[in-house]
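Below, chains carry the letters A, B, ... as their sequence lines are ordered, and counting in each starts from 1. It should be emphasised that the depicted structure is a prediction, and the values quoted were computed from it without experimental measurement.
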Protein chains: 2
Amino acid sequence: MKLSTKSRYGARLMLDMAQHYQDGPIHLANVAKRQGISAKYLEQIIIPLKKANYIRSVRGPKGGHALTRPPEEITVGEIVALLEDSASLVACSDNPGVCERSPVCPTRSIWQEAAQAMFDKLNTITLADLLHRGQSPAGKAQELRRVL
Amino acid sequence: MKLSTKSRYGARLMLDMAQHYQDGPIHLANVAKRQGISAKYLEQIIIPLKKANYIRSVRGPKGGHALTRPPEEITVGEIVALLEDSASLVACSDNPGVCERSPVCPTRSIWQEAAQAMFDKLNTITLADLLHRGQSPAGKAQELRRVL
DNA sequence: ATAATCTATATTAAATTTATATAGAATGGA
DNA sequence: TCCATTCTATATAAATTTAATATAGATTAT
């Protein structure tokens, strides 16, 4: 039931790009460095995000990647559903045929309800929200100390 | 992000036991047969449920397993948290030390909130609720036809 | 005794995850 | 034009986890 690194890294990738939304295309290598994630792995993670048109890319020197939409219009839920390949907790939610018991299974609906509750929450959180929340409370305290 | 078979089978095991709550200890082999799950695998899944005192067992002929509490007092959320080893979507929820970025990570809290939303839902569903819900709508229709 | 049932541990096969590696395509600028 | 830079595509591999199966043992009603 753990999230894959694709979702976790993908969310951080998208947030990093949101933080540089004003700067035009940014180098994936820089994201990788800032986030402490393998650049090669990020290159794989970015593929579905490009295919789903969250990101546009420019090749060559001075090239890079940029969000196609403002951070206000992209939710964490969309990113997770995309990178996990689905917004469901069990295969039979997307495809009842995988299990012959689907039509009479008393537990099937609860997994759907649980996934729904989870994505209802994640769908309310935009990249812009994360930008403004900033860090965790502990991080906020550090920032405050730095300012004072 | 998929649930493991341990949780899925474990929930069906517990529901099956709830359905036979009146019958005293039941044979795991019968649960396995009814549910179409490997008996040997169920024997492994039942171990944490016994350790957490959801189930008491009797050895020998006429032995078996029984719930220690009525189906009204056991939620699906408890079962999943137990069999998934945790109620979190990321390791840093249970142990911030696994990632040095935990104190300043802007994404960490959202995974906690998502897991919370999911378990808030699952914790409201008891085995008794599932008994009374019965099957899926399609299953209900079948049952109705059988009765008429 | 012995057959039935649960218990404990070890092993293994398959699938998935998490990368790394290699070669290629596009392009801005010298 | 050429070349360094950056993204793209595909292949490969190592590690981990999942999902079982296998074997031997413990308990107990009859």
Side-chain angles (χ1 to χ4, degrees), chain A residues 1-13 17 20 23-33 35-68 80 83-86 89-91 98-99, chain B residues 1-13 17 20 23-33 35-68 80 83-86 89-91 98-99:
Chain A
M1 202 203 41
K2 288 288 184 281
L3 251 42
S4 69
T5 55
K6 281 180 72 175
S7 288
R8 292 193 288 115
Y9 293 175
R12 285 164 58 193
L13 164 64
M17 297 191 65
H20 298 86
D23 308 354
I26 61 176
H27 300 182
L28 206 49
N30 288 339
V31 178
K33 188 178 288 183
Q35 297 294 328
I37 300 171
S38 150
K40 276 289 170 203
Y41 195 28
L42 276 185
E43 282 174 1
Q44 277 186 62
I45 291 171
I46 211 172
I47 292 172
L49 291 166
K50 282 171 51 64
K51 284 197 177 151
N53 205 40
Y54 286 106
I55 290 174
R56 65 182 171 78
S57 305
V58 182
R59 291 214 232 194
K62 301 287 175 184
H65 305 273
L67 296 181
T68 58
V80 172
L83 294 177
E84 295 286 328
D85 287 324
S86 161
L89 286 165
V90 289
V98 298
C99 176
Chain B
M1 201 202 42
K2 290 285 184 282
L3 249 43
S4 68
T5 55
K6 280 180 72 175
S7 288
R8 292 193 288 113
Y9 293 175
R12 285 164 58 194
L13 164 64
M17 296 191 66
H20 298 84
D23 307 355
I26 62 176
H27 300 182
L28 206 48
N30 287 341
V31 179
K33 188 178 288 183
Q35 297 294 328
I37 300 171
S38 149
K40 276 288 170 202
Y41 195 27
L42 276 185
E43 283 175 0
Q44 278 186 60
I45 291 171
I46 211 173
I47 292 173
L49 292 165
K50 283 171 50 65
K51 284 198 177 150
N53 205 40
Y54 286 105
I55 291 174
R56 65 182 171 79
S57 304
V58 181
R59 292 214 230 192
K62 302 288 177 182
H65 305 273
L67 297 181
T68 58
V80 173
L83 294 177
E84 295 287 328
D85 287 324
S86 161
L89 286 165
V90 289
V98 297
C99 176

Write down the atom of [X], the atom of [Y], and the distance for their closest heavy-atom approach.
X: B:Leu83; Y: B:Gly10; result: CD1-CA, 3.6 Å
X: B:His65; Y: B:Ser57; result: ND1-OG, 2.6 Å
X: B:Gly24; Y: B:Ala66; result: C-CB, 4.4 Å

Round to a whole Å and report the spacing from [atom1] of [X] to [atom2] of [N].
X: B:Asn30; N: C:dC6; atom1: CG; atom2: C1'; result: 14 Å
X: A:Leu83; N: C:dT18; atom1: CG; atom2: P; result: 12 Å
X: B:Glu43; N: D:dA19; atom1: CD; atom2: C1'; result: 15 Å
X: B:His27; N: C:dT5; atom1: NE2; atom2: C1'; result: 7 Å
X: A:Met1; N: C:dT16; atom1: CE; atom2: P; result: 19 Å

- [ ] Could you tell me whether A:Ile26 contacts a base, only the sugar-phosphate backbone, or nothing, with contacts defined as non-hydrogen atoms closer than 4.0 Å?
- [x] sugar-phosphate

TODO: Identify whether any heavy atom of A:Leu28 sits under 4.0 Å from a base atom; if not, whether one sits that close to sugar-phosphate; answer base, sugar-phosphate or nothing.
DONE: sugar-phosphate

Which nucleotide sits closest to the side chain of [X]: [options]?
X: A:His65; options: D:dA20, C:dA19, D:dC7; value: D:dC7
X: A:Ser57; options: D:dC7, C:dT20, D:dT21; value: D:dC7
X: A:Lys50; options: C:dT20, D:dT8, D:dT21; value: D:dT8
X: A:Ser4; options: D:dT21, D:dT8, C:dT18; value: C:dT18
X: A:Gln44; options: C:dT7, D:dT21, C:dT20; value: C:dT20

Task: Backbone N/O of A:Gln35 and side chain of A:Arg12: donor-acceptor pair under 3.5 Å - done: yes

Tabulate protein N/O versus nucleotide N/O from nucleotides 23-30 of chain C, keeping only pairs under 3.5 Å, one per line.
unit_1	atom_1	unit_2	atom_2	d
C:dA25	N3	A:Arg59	NH1	3.3

Open item on the list: On the nucleotide C:dT18, are OP1 or OP2 found under 4.0 Å from the side-chain N or O atoms that A:Tyr9 carries?
Closed with: no

Open item on the list: Quick check: on DNA chain D, is the nucleotide nearest B:Leu3 upstream (toward 5') of the one nearest A:Ile46, or the reverse? Name the residue that is more 5'.
Closed with: A:Ile46

